[in-house]
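See below for the structure under consideration.
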Amino acid sequence: MASMAQAIRMALHYAEENLGVTDIFGEDVGPPLGGVFTATQGLKKTWNTPLDERGIIGMAMGLAMAGQRPVAEIQFCDYIFNTIDLLKLAGSTCWASMGEWNLPMVVMTPVGSGIRGSIYHSHSFDAAATHLPGWKIVMPSTPIDAYGLMLAACQDLNPVMYLAPKALLRTRGTELIPGEPGDDKALSKMIDAPLGDRSRWVPRWPDLQERVVPIGSAKLVRPGSRLTVVSYGRTLPLCAKAAEELAAEGIDAEVIDLRTLWPYDWEMVRSSIAKTGRILYVNEDTEVTNFGEHLVRRTTDELFYSLLAPPKLLAGKFVPGIGLADNLEMASVPQLPDVVQAIRDLAVLEP
Amino acid sequence: VSRPKLVPPESADLPLERSLLVRIHDLMVKSRALEERLIQMYKQGHGFFWIGGPGEEAFNVPLGLLMKKGQGLDYDYLHAHYRQSATLMALGEDPINALRQIKTTATDPYTGGRSFSGHFSIKRWNICPVSSPIEVQYPMAPGTALAQKRHGGEGITIVTGGDAGTAEGDFASCLVWASRPGNELPLLIVVTHNGWGISTAASTQQGPQNISDRGKAFGIRSKTVDGNDPVVAYRELEAAFAYIRKERRPFLMEAQVSRLYGHSSASGANFATDERDCLRDYEATLEERGVLTRQQMDAARTRWTQELAEAARKVIEEPQPTRESIWDHVYAERK
């Protein structure tokens with residue numbers, strides 16, 4: 001099975017061949033490196049930029065204005081914060097021009113903890129991104145969804161923020177991307193750049209097929225009846241694993257992968273909460289003005305009389321950064337035991 | 001409006017063709033009358049805020065006259081700031097739309113009542129949306145210019161901003177991205193230098209003698225010109241356009257201009273008597289050289305003033321956007 005980084009790479013290959021993607025660019029995105037997480041190795045439309053995040057976002061906006069279809073990368077979301085007014089502008093351009101100028105552009109950026117990235121390679125961006133009206137925000141947790149969401153992003157008429165959970169970029173899924181060979185080593189030989197001199201290397205791409213994950217569609221990862229857990233990105237597999245563990249204790253948790261943060265699949269979330277009466281939202285961004293707080297508010301507003309327990313949010317601690325030492329990172333953002341405990345605590349609550 | 005051709009002057013005394021001199025004058029008057037009408041509408045309570053470009057007409061009219069107007073990569077893109085009305089007039093835009101914008105009518109074709117005056121947006125002419133931040137256009141412009149470089153042809157990108165905005169890092173970004181070795185871009189980088197950032201004098205904040213000097217470090221052809229003289233501006237811009245269209249490389253032009261009604265309505269929008277007035281100076285020259293008489297120029301002023309007053313009377317009767325319309329155009333959708 002492909003890793004998430006390979007899945008993104010294959011999606012971008014499909015997009016540059018079939019969806020009109022004209023530019024895939026950012027710091028170290030082009031050869032020889034092909035991205036610090038290898039997500040852009042071997043692609044035709046890649047190029048390297050100056051180390052200038054504002055320049056990268058501005059370039060994407062200008063290319064989109066000129067009828068191109070750019071995919072820009074900010075190497076780590078920790079470095080996207082100095083572009084925030086350009087991101088606001090990209091989100092408001094269609095609205096401010098009464099629909100005259102839409103910007104079909106994708107900004108891809110690795111987010112979150114999990115690689116012991118210290119204070120400046122562990123930030124999350126989902127809370128800030130969901131404060132940018134006019135953008136669509138997606139975040140996969142599996143390679144197959146990484147593939148499908150990228151194909152959707154590259155066909156959208158609007159700016160799409162593609163948040164790649166960096167802890168999962170090297171993890172493999174359970175579902176083949178259409179066209180992908182089943183053998184990991186065979187796939188690696190085809191599309192992973194060799195170590196050392198790559199100047200004459202060319203990838204051999206599988207015969208990939210289109211498999212779009214529509215923006216705005218969540219995924220039911222595990223059906224359950226006692227409570228609902230909604231998550232995305234790095235914490236989603238933790239929630240799925242916790243639910244499996246707790247099933248042995250008789251706690252039957254339903255797990256939903258939101259996949260799109262905006263516009264999100266409220267219908268799936270709402271109907272699940274209406275069924276279970278208990279909801280736990282999980283993500284790793286800092287917990288104050290967290291996107292999950294919006295979901296809690298909406299849950300309270302619309303489903304108050306269906307609830308059997310207070311809606312809960314498990315998120316990152318509101319501290320200025322994620323420290324490098326193992327204990328510091330583990331204590332700052334949700335880990336498996338935290339999710340297990342949160343589900344257990346919620347499951348026993350009765351009106 | 002077709003692009004004028006510069007032909008040898010019919011008289012050795014005239015620096016440009018007589019008809020072009022007259023046309024530039026008419027567009028400068030039209031632009032000034034527009035800005036003064038906008039200010040008047042603001043002062044009459046027909047607008048929440050005014051900001052614009054009186055004092056930049058001598059530079060901005062030639063800029064518009066020399067642009068290749070149209071949609072797509074074969075034509076020029078303009079990433080402007082909010083002092084660009086004279087360029088829009090030179091391109092042939094109907095001034096009534098600027099009145100609609102300050103009045104925030106639903107008929108404002110640029111922003112539908114959503115943004116300030118001077119925030120133009122015309123896709124069919126490659127006029128990219130103007131926004132209020134003073135610097136963001138500088139890193140966007142290399143995007144359209146790169147698409148044009150790849151496309152070939154003569155189309156170029158023009159980006160404009162003020163001197164105060166060049167203190168932002170985005171201006172440096174523009175210089176960097178315009179001059180990447182092997183990827184130099186067909187980009188005219190304009191700085192209209194009026195000497196002020198709201199109430200702060202440029203001389204107290206910026207060290208370089210000329211802002212154009214900053215281009216030299218990047219190998220960008222650069223020049224500081226008198227933007228208060230339309231003949232100088234026309235000739236300098238014509239040469240810069242020709243260079244960029246042919247060589248497909250960037251050019252940085254700093255134009256010294258005036259700010260005749262202050263920064264915006266926030267500073268009163270009153271006429272600054274201590275600034276050079278490009279229109280008054282130009283009219284003196286035209287009269288002295290016998291191109292136009294005082295009566296002819298006064299007639300032009302009267303004509304545009306009356307026309308804009310009439311337009312304002314029409315605009316103030318037009319509908320405002322509805323409350324429900326805030327949800328329109330959040331996203332583009334496939335039709």
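All values below were derived from every heavy atom in this structure, side-chain atoms included, with hydrogens, water molecules and symmetry-related copies excluded.
- Contact of B/Val330 with chain A is made through backbone and side chain together, with heavy-atom distances under 4.5 Å.
- Rounded to the nearest 0.5 angstrom, A/Leu157 CG and B/Lys335 NZ are separated by 9.0 Å.
- In this structure, no portion of B/His119 lies under 4.5 Å from any heavy atom of chain A.
- Closest approach of B/Ser173 and A/Gly55 over heavy atoms only: OG-N, 4.4 Å.
- Rounding to the nearest 0.5 Å gives a distance of 7.0 Å between CD of A/Glu100 and NZ of B/Lys123.
- If you take SG on B/Cys128 and CE on A/Met61, they are separated by 10.0 Å, rounding to the nearest 0.5 Å.
- Atom CZ of A/Phe25 is surrounded by more than 12 heavy atoms from other residues, nucleotides or ligands within 6.0 Å.
- If you measure heavy-atom distances from B/Arg150 to chain A, the contacts under 4.5 Å come from the side chain alone.
- The heavy-atom pair separating A/Met98 from B/Gly112 by the smallest distance is CG-N, 3.5 Å.
- Chain A forms the most heavy-atom pairs under 4.5 Å with one residue out of B/Thr157, B/Leu73, B/Leu146, and that residue is B/Leu146.
- With a threshold of 4.5 angstrom between heavy atoms, B/Tyr110 approaches chain A through N, CA, C or O but not through any side-chain atom.
- When atom types are taken as modelled, the side chain of B/Trp177 and the backbone of A/Pro50 share no donor-acceptor pair closer than 3.5 angstrom.
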